[in-house]
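First the structure, in the form of structure tokens, and then the observations on it.
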Amino acid sequence: MKLKELLHYTFIFPVLAVGYYFSGLMANGVIFEIIAGILLTGSVLSAVHHAEVVAHKVGEPFGTIILALCITIIEVALIISLMIAGGDQAVTLARDTVFAAVMIILNGILGICILVGGVKYYEQFFARTSATTYLVSIVSILALTLILPNFTSSVNGPFYNMAQLIFVSIACLVIYGVFLMVQTVRHRNYFIITSDDPDSHYIPSKIATLISFIFLVICLIIVVLMAKGLSATIENMVQSVGAPKSLVGVIIAAVVLLPEGVAAIRAARNNQIQSSVNLALGSALASIGLTIPAVSIVCIMYDIPFVLGLDRKDIILLSLSVFIVMLSLSRGKTNVLYGTVLLVNLAAYIFTVIVP
């Protein structure tokens, strides 16, 4: 790798962010927090680039799996760190963040991808079998984690007792594990992307891949640290405008999902909607299938109450979103209407969070 390539913004931003974070300047006022936000955004975009380099080397569908797992690692680390620091006041943070992530992915990222692709190419085509495989897994885990807790009777309220929490966590891991086996071994052809784009056939060298992997790890770590450092500012901002605390979960989810969203939208613009579907639905599945078990382990270890069940309004919005996504992906091709409806659903969700 040439020195000129190392001076690319995807290498400069993570280095600057690491130095800035450990300098302690973030706590010195609004201007320094704005600078931290810029470096955080640059690190997120850098993570996208380095994840894509690694993805080109390992091929599909492993590339999209890597990016989805990276996003989930950020989400889990951020949620756990904030829950431990917040104690009982953060009992709904994991639920709000996971729910927000699912809504943003299904309605926002997928909606923008379909709309952008529809505007540019009128119709885009993907394998219906891949979407069905994703959605079967996602719907099952959503029902087990975010809806069923409201209807169990062992504990009052939208909680699971320890035995139920352990069972549901194992169930999530089993579903996700079998899905990975289907995606990478038994039915890998469902998720393979066929493209005439010469960039899709680019294979980086081993050295370039290793350097990108190292910087990907650095980006993920610094994003978690800086987002945690800015979390108090985010909470104060939410409280100052009189918005519900659940908006914090929406903001955290939006920051965490920025790399996934950028990569998926870029793929849609390049007429690779199959890659967009893989990225979006794969991230949604990893977000709930891995985050809930990880957070459950921490809550059991630290004896932190863990609210999982959604209220009736959110269950209706979630059901509407899943239903619309299933209809939109049922034919194997997209158009601008599907994307528009999904984005309206996202707007309704965010509006009802701010104005419940």
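If you read the sequence from its start, that first residue is 1, and numbering goes on from there. Every heavy atom of this structure was used, including side-chain atoms; hydrogens, water molecules and symmetry mates were not. Please read all numbers here as calculations on a predicted model, not as lab measurements.
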Which atom pairs, donor and acceptor, lie under 3.5 Å between side-chain atoms of residues 279-299 and protein residues at least two apart or in another chain?
{"from": "S287", "atom 1": "OG", "to": "E75", "atom 2": "OE1", "distance (Å)": "2.8"}
{"from": "S287", "atom 1": "OG", "to": "E75", "atom 2": "OE2", "distance (Å)": "3.2"}
{"from": "T291", "atom 1": "OG1", "to": "S287", "atom 2": "O", "distance (Å)": "2.5"}
{"from": "S296", "atom 1": "OG", "to": "S169", "atom 2": "OG", "distance (Å)": "3.3"}
{"from": "S296", "atom 1": "OG", "to": "I292", "atom 2": "O", "distance (Å)": "2.6"}

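- M226 and M26 make their closest contact through O-CE, 3.9 Å (heavy atoms, listed as atom of the first residue, atom of the second, distance).
- A side-chain donor-acceptor contact under 3.5 Å links S130 to the backbone of A127.
- Qualifying side chain to side chain contact (heavy atoms under 4.5 Å, CB included) partners for F213, counting only residues two or more places apart in sequence or in other chains: V54, V217.
- In this view, S46 satisfies the side-chain hydrogen bond (donor to acceptor under 3.5 Å, both in side chains) rule with no residue, not counting sequence neighbours.
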Kindly list each side-chain donor-acceptor pair under 3.5 angstrom involving residues 153-160, sequence neighbours excluded, with atom names and distances?
{"from": "S154", "atom 1": "OG", "to": "Q164", "atom 2": "NE2", "distance (Å)": "3.4"}
{"from": "Y160", "atom 1": "OH", "to": "L144", "atom 2": "O", "distance (Å)": "2.5"}

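- A distance-only check finds a donor-acceptor pair linking the side chain of T184 to the backbone of L180 [under 3.5 Å].
- Residues satisfying the side chain to side chain contact (heavy atoms under 4.5 Å, CB included) criterion with L310, sequence neighbours excluded, are R95, F99, L146, D314, I315, L318.
- Using a 4.5 Å heavy-atom cutoff, the side chains of L257 and I105 are in contact.
- In this structure, the side chain to side chain contact (heavy atoms under 4.5 Å, CB included) partners of V341, at least two apart in sequence or on a different chain, are I324, L337, N345.
- Side-chain contact between F125 and I273 is absent, with no heavy-atom pair separated by less than 4.5 Å.
- Proximity of a side-chain donor or acceptor of S276 to a complementary backbone N or O of A268 within less than 3.5 Å is detected.
- Evaluation of the side chain to side chain contact (heavy atoms under 4.5 Å, CB included) rule for I170 yields I166, V174 as partners, not counting sequence neighbours.
- Listed by first then second residue, pairs satisfying side-chain hydrogen bond (donor to acceptor under 3.5 Å, both in side chains) with a partner in residues 117-129 read Q124-N271, not counting sequence neighbours.
- Residues T133 and Q183 are not in side-chain contact: their nearest non-hydrogen atoms beyond the backbone lie 4.5 Å or more apart.
- Summarising the geometry of V353 relative to P356, their closest heavy-atom pair is O-CD, 3.8 Å, with the distance given to 0.1 Å.
- H50 and F11 have their aromatic ring centers within a separation under 6.0 angstrom.
- A pairwise comparison of heavy atoms in S137 and I175 identifies CB-CG2, 3.8 Å as the closest pair.
- Results of the side chain to side chain contact (heavy atoms under 4.5 Å, CB included) test with I214 over I211, L216, I218 single out I218 as the only residue that passes.
- Heavy atoms only, all atoms of each residue included: G108 and L346 are closest at CA-CD2, 3.5 Å.
- Considering only residues two or more places apart in sequence or on other chains, S43 meets the side-chain hydrogen bond (donor to acceptor under 3.5 Å, both in side chains) condition with none of them.
- At least one side-chain heavy atom of Y134 sits less than 4.5 Å from a side-chain heavy atom of N278.
- Under the rule for a side-chain hydrogen bond (donor to acceptor under 3.5 Å, both in side chains), S328 has no partner lying at least two apart in sequence or in another chain.
- For Y349, there are no side-chain hydrogen bond (donor to acceptor under 3.5 Å, both in side chains) partners at least two apart in sequence or on another chain.
- Hydrophobic cluster membership of I112, counting Ile, Leu, Val, Met, Phe, Trp and Tyr whose side-chain heavy atoms lie under 4.5 Å apart directly or via other members: L115, V116, V119, I265, V336, L343.
- Contact detail for V250 and A100: the closest heavy-atom pair is CA-CB, 3.7 Å.
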